[in-house]
Amino acid sequence: MYGKIEKAASFIKEKFNATPEIGLILGSGLGVLADEIENAVKIPYSEIPEFPVSTVEGHAGQLVLGELSGKKVVAMQGRFHYYEGYPMELVTFPVRVMKLLGVEKMIVTNAAGSVNESFVPGDLMLITDHINYTGTNPLIGPNDERFGPRFPDMSEAYSKQLRAKAKEIASSLKIDTKEGVYLGFSGPTYETPAEIRLARVMGGDAVGMSTVPEVIIARHSGIEVLGISCITNMAAGILDQPLSHEEVIETTEKVKSSFLSFVKEIVKQM
Ligand SMILES: Nc1nc2ncn(CCNC(CO)CO)c2c(=O)[nH]1
């Protein structure tokens with residue numbers, strides 16, 4: 001696998017000869033941030049050796065490198081999900097590539113459903129921690145010490161320092177943020193009401209189908225992580241109404257401007 005990661009990284013380095021310091025993973029409907037990247041070099045995933053391709057609406061499917069708020073960044077405009085049928089090593093492959101490109105800090109964003117009834121659609125939740133309920137782990141199998149240890153510490157998967165900075169920025173921009181625990185299911189089904197009750201009992205505040213695998217791999221490789229969930233609906237059983245992907249995309253559209261100004265300022269001050 002290391003050779004494949006190196007091959008993808010070398011291909012990208014040929015097209016972008018600067019070193020990106022910040023990685024951005026943009027969730028459903030949040031890819032619009034990548035359009036703000038200046039002097040952008042856009043590489044469709046299909047052109048990058050060994051890269052999978054996105055298959056989900058709201059996930060463009062290209063890597064965008066350039067400058068955002070004066071920093072060199074690499075953004076995934078569209079991510080890969082376990083529910084698409086990719087093995088975890090492919091879902092997280094881009095994070096390994098970002099590490100080899102030189103990324104040391106990463107902002108992972110997602111659309112999520114609220115389990116915490118004090119959260120409402122449109123809220124931005126700073127992720128304090130996650131619960132891996134995907135049923136697997138991207139680090140299962142032989143460990144590559146070139147990335148990290150066999151048994152990585154996860155006591156601060158989401159950087160306290162970056163979160164404190166993000167909270168400062170949110171208040172200066174008068175953006176109301178929440179904080180909470182993200183519980184990652186495998187998907188593609190939305191959760192049942194019983195699964196929501198389980199998520200709540202376990203201490204989850206929001207649920208989704210991504211982020212956990214990427215963050216595990218980022219932390220394994222020593223990348224500092226800030227996680228931001230865009231709450232796009234109340235989880236199943238709370239409002240007793242069916243959920244849809246269309247609703248998810250609609251809500252991210254509504255919060256686009258505050259999300260953009262928030263993340264751009266965070267990147268500037270990172
Ligand atoms: N209740 C609930 N609301 C949500 N809003 C976004 N997502 C993340 C999943 N996003 C999928 C389908 O929209 C696309 O990756 C979820 C979720 O998993 N559950």
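Residue indices begin at 1 and follow the sequence shown. Hydrogens, waters and symmetry mates play no part in the numbers below; they use all other heavy atoms, side chains included. Just so you know, ligand 1 is whichever comes first in the structure, and atom 1 is the first atom listed for that ligand.
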Exercise. Walk me through it: do Tyr158 and His130 pass the test side chain to side chain donor-acceptor pair (under 3.5 Å)?
Key: CA-CA 9 Å; Tyr158 298 82; His130 75 222; 2.8 Å; yes

Quiz item: Just by distance, with hydrogens left out, do Arg96 and Ser221 show a side-chain donor and acceptor under 3.5 Å apart?
Solution: yes

Exercise. With heavy atoms of His81 as the reference, note each atom of ligand 1 found under 4.0 Å away.
Key: 15 (O)

Exercise. Tell me which part of Pro188 gets within contact of ligand 1: side chain, backbone, both or neither, using heavy atoms under 4.0 Å.
Key: neither

Quiz item: In ligand 1, which numbered atoms sit nearer than 4.0 Å to a non-hydrogen atom of Gly113?
Solution: 1 (N), 2 (C), 3 (N), 4 (C), 5 (N), 16 (C)

Quiz item: Considering only heavy atoms, does Tyr83 approach ligand 1 within less than 4.0 Å through its side chain, its backbone, both, or neither?
Solution: side chain

Quiz item: Using the ring of each side chain (for Trp, its six-membered ring), is Phe185 parallel, tilted or perpendicular to Tyr133, with breaks at 30° and 60°?
Solution: perpendicular

Quiz item: Thinking salt bridges, do Lys71 and Glu21 make one under a 4.0 Å N-O criterion?
Solution: no

